[in-house]
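Here is the structure we will look at.
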Amino acid sequence: MPTYTPEQQAILDNVKLPDDWKAALADELTSDNMANLRQFLRAEYDAGKTLYPPASKMFAAFDLTPLSQVKVVILGQDPYHGANQAMGLSFSVPKGVHIPPSLNNILRELAQDIGVTPSRHGDLTYWAQQGVLLLNSMLSVQAGNAGSHQGKGWERFTDAVIAAVNDKCQHCVFILWGSYAQKKGRFIDPERHLILTAKHPSPLSANQGGFFGTRPFSKANDYLKAYGKTPIDWQLPQ
């Protein structure tokens, strides 16, 4: 077991993450990078800025999908910056919230790929509960200001998350849509895991070709079954 200074241990004691995530990310959680990020976020709140998702949901992806249960990683960029949209899971929005265009394209590809009934909502919690880590590269954003928390430290944290899945898990599927997500591929060993890449599902990108018809959901399940894992039930409860 690694040993930590009293200061580091105090930080870890205050981190509310599943134990396996906390152990795998301990060095990053106690780093200067994360100290600077926490200071930045406190300053944002102190300045009266609205941040999404709510603080209680910022690490929802980890709460719903412990490291030991990760089978698939779907990587997004930063959270939705509109009111009531971001819920701490990449691409997902709560039930009752209008489905954003990128997610609508994802659900359209899903229906075409494996023939599920198109969902009337965009809440992807059911996927997360089955081992789909819905990870954004940044875990916070200022309301109405897309990309506003880039370069503040989240990228290094989520690099560590990808590296932890690569190192601690066997035969996972990484779904990387768009060039931004694909940069994280450098932390993934293609000999141990399956990496699926395609254009980003945003309308501007997807409609140019390279997203529709790539069949990531059936490919992910075929890979999982080939290694004796239970496939993902991609059909969202209606």
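Numbers here simply count residues along the sequence, with the first being 1. Excluded from the calculations below are hydrogen atoms, water molecules and symmetry mates; all remaining heavy atoms, backbone and side chain alike, are included. This is a predicted model, so every value here is computed, not measured.
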Exercise. Measure from the side-chain N and O atoms of Glu109 to the backbone N and O of Gly213, and report whether any donor-acceptor pair falls under 3.5 Å.
Key: yes
Quiz item: Nearest 0.5 Å, what's the CG-CG distance between Leu224 and Leu194?
Solution: 8.5 Å
Self-check item: Backbone N/O of Ile99 and side chain of Asn104: donor-acceptor pair under 3.5 Å
Solution: no
Quiz item: Counting heavy atoms not belonging to Arg186, are there more than 12 under 6.0 Å from its CZ?
Solution: yes
Quiz item: Do Ile175 and Val73 come within less than 4.5 Å of each other through their side chains, counting heavy atoms only?
Solution: no
Quiz item: Which pair of heavy atoms, one from Ala128 and one from Thr65, lies closest together, and at what distance?
Solution: O-OG1, 2.8 Å
Quiz item: What is the minimum heavy-atom distance between Gln235 and Val116, and which atoms define it?
Solution: OE1-CB, 3.2 Å
Quiz prompt | salt bridge (charged side-chain N to carboxylate O under 4.0 Å, His left out) involving Arg156 - partner list, sequence neighbours excluded | solution = Glu28
Quiz item: Does a side-chain heavy-atom distance below 4.5 Å link Phe212 with Gln112?
Solution: yes
Quiz item: Is a side-chain donor-acceptor pair under 3.5 Å present for Trp154 with Ser137?
Solution: no
Exercise. Please round to the nearest 0.5 Å and tell me the distance separating atom CD of Gln77 and atom CE of Met138.
Key: 5.0 Å
Quiz item: With a 4.5 Å limit on heavy-atom distance, are the side chains of Thr125 and Leu236 in contact?
Solution: no
Self-check item: Heavy-atom check, side chain of Pro100 versus side chain of Leu103, under 4.5 Å
Solution: yes
Quiz item: So if you build clusters from Ile, Leu, Val, Met, Phe, Trp, Tyr with side-chain heavy-atom gaps below 4.5 Å, do Phe157 and Leu64 land together?
Solution: no
Quiz prompt | Residue list, ring-ring contact (aromatic ring centres under 6.0 Å, His included) with His193, at least two apart or on another chain | solution = Phe174
Output side-chain donor-acceptor pairs under 3.5 Å for residues 82-93, partner residues at least two apart or in another chain, one line each.
unit_1: Gln85; atom_1: OE1; unit_2: Gly82; atom_2: N; d: 3.1
unit_1: Ser90; atom_1: OG; unit_2: Ile74; atom_2: O; d: 3.0
unit_1: Ser90; atom_1: OG; unit_2: Leu135; atom_2: N; d: 3.3
unit_1: Ser92; atom_1: OG; unit_2: Gly122; atom_2: O; d: 3.3
unit_1: Ser92; atom_1: OG; unit_2: Leu124; atom_2: N; d: 2.9

Quiz item: Is it true that Ile232 and Trp177 fall in one hydrophobic cluster, defined by side-chain heavy atoms closer than 4.5 Å?
Solution: yes
Practice problem: Using the test side-chain hydrogen bond (donor to acceptor under 3.5 Å, both in side chains), find all partners of Asp233 that sit at least two apart in sequence or belong to another chain. | Solution: Tyr126
Quiz item: Between Arg120 and Lys95, does a side-chain contact (heavy atoms from CB on, under 4.5 Å) hold up when you go through it step by step?
Solution: CA-CA 9 Å; Arg120 295 188 297 270; Lys95 290 183 177 71; over 6 Å; no
Self-check item: Side-chain (Arg192) to main-chain (Cys169) donor-acceptor, under 3.5 angstrom
Solution: yes
Quiz prompt | Partners meeting side-chain hydrogen bond (donor to acceptor under 3.5 Å, both in side chains) with Thr197 (sequence neighbours left out) | solution = none
Quiz item: Would you say His200's side chain and Leu176's backbone share a donor-acceptor pair under 3.5 angstrom?
Solution: no
Self-check item: Pair Ser31-Asn33, side chain to side chain donor-acceptor pair (under 3.5 Å): steps then yes or no
Solution: CA-CA 5 Å; Ser31 68; Asn33 176 66; 4.6 Å; no
Quiz prompt | Atom CD of Gln39: over 12 foreign heavy atoms under 6.0 Å | solution = no
Quiz item: Do Val141 and Phe40 share a hydrophobic cluster (ILVMFWY, side-chain heavy atoms under 4.5 Å, transitive)?
Solution: no
Quiz prompt | Gap between atom CG of Leu29 and atom CD1 of Ile11 - 0.5 Å precision | solution = 9.0 Å
Quiz item: When rounded to the nearest 0.5 angstrom, what distance separates CG in Asn105 from NZ in Lys199?
Solution: 13.0 Å
Quiz item: Are Leu196 and Leu75 connected in the hydrophobic side-chain network, where two residues link if heavy atoms are under 4.5 Å apart?
Solution: no
Exercise. Write down the atom of Leu107, the atom of His121, and the distance for their closest heavy-atom approach.
Key: CD1-O, 3.8 Å
Quiz item: Got a sec, which pairs hit ring pair (Phe, Tyr, Trp, His ring centres under 6.0 Å) with one end in residues 219-238, sequence neighbours left out?
Solution: Trp127-Trp234, His171-Tyr227, Phe217-Trp234, Tyr223-Tyr227
Quiz item: Cluster question for you: counting only ILVMFWY and a side-chain heavy-atom cut-off of under 4.5 Å, with indirect links fine, are Leu110 and Val173 together?
Solution: yes
Quiz item: Of the non-hydrogen atoms in Thr214 and Phe211, which two are nearest, and what is the gap between them?
Solution: OG1-O, 2.7 Å
Quiz item: Which residues satisfy the salt bridge (charged side-chain N to carboxylate O under 4.0 Å, His left out) test with Lys152, sequence neighbours excluded?
Solution: none
Practice problem: Check Pro18 against Pro66 and note the closest heavy-atom contact, atom names and distance. | Solution: CB-CB, 4.4 Å
Quiz prompt | salt bridge (charged side-chain N to carboxylate O under 4.0 Å, His left out): pairs with one or both residues in residues 60-79, sequence neighbours excluded | solution = none
Exercise. Assess whether atom NZ of Lys57 is packed by more than 12 heavy atoms of other residues, nucleotides or ligands within 6.0 Å.
Key: no
Self-check item: With Lys219 via salt bridge (charged side-chain N to carboxylate O under 4.0 Å, His left out) - residues at least two apart
Solution: none
Quiz item: Just wondering, do Ile188 and Ile162 contact through their side chains at under 4.5 Å, heavy atoms?
Solution: yes
Quiz item: Taking only residues two or more places apart in sequence, or in another chain, which ones meet Tyr80 in a ring-ring contact (aromatic ring centres under 6.0 Å, His included)?
Solution: none
Quiz item: Any donor and acceptor pair, going by atom type alone, linking the side chain of Gln182 with main-chain N or O of Ala198 inside 3.5 Å?
Solution: yes
Quiz item: Does any N or O in the side chain of Thr30 come within less than 3.5 Å of the main-chain N or O of Ala26, such that one atom is a donor and the other an acceptor?
Solution: yes
Quiz item: Given Val132 and Val70, is the side-chain contact (heavy atoms from CB on, under 4.5 Å) satisfied, shown in steps?
Solution: CA-CA 6 Å; Val132 181; Val70 174; over 6 Å; no
Self-check item: Side chain proximity check, Leu67 to Phe62, heavy atoms < 4.5 angstrom
Solution: no
Exercise. Can you tell me which residue pairs pass the salt bridge (charged side-chain N to carboxylate O under 4.0 Å, His left out) test with a partner in residues 81-94, sequence neighbours excluded?
Key: none
Quiz item: How about Leu41 and Ser140: do any of their side-chain heavy atoms sit closer than 4.5 Å?
Solution: yes
Quiz item: When you look at CG of Asp13, are more than 12 heavy atoms from neighbouring residues, nucleotides or ligands closer to it than 6.0 Å?
Solution: yes
Donor-acceptor pairs are to be reported for all side-chain atoms of residues 42-53 against protein atoms at under 3.5 Å, with residues two or more places apart or in another chain.
unit_1: Glu44; atom_1: OE1; unit_2: His149; atom_2: NE2; d: 3.2
unit_1: Glu44; atom_1: OE2; unit_2: Lys49; atom_2: NZ; d: 3.0

Quiz prompt | For Lys184 against Thr158, the heavy-atom pair lying closest together | solution = NZ-OG1, 2.8 Å
Practice problem: Report yes or no: does Arg215 contribute a side-chain atom to a donor-acceptor pair with the main-chain N or O of Asp113 at less than 3.5 Å? | Solution: yes
Practice problem: Kindly indicate whether the side chain of Gln142, heavy atoms from C-beta on, has any atom under 4.5 Å from the side chain of His81. | Solution: no
Practice problem: Using a cut-off of 6.0 Å, state whether more than 12 heavy atoms not belonging to Lys168 lie near its atom NZ. | Solution: no
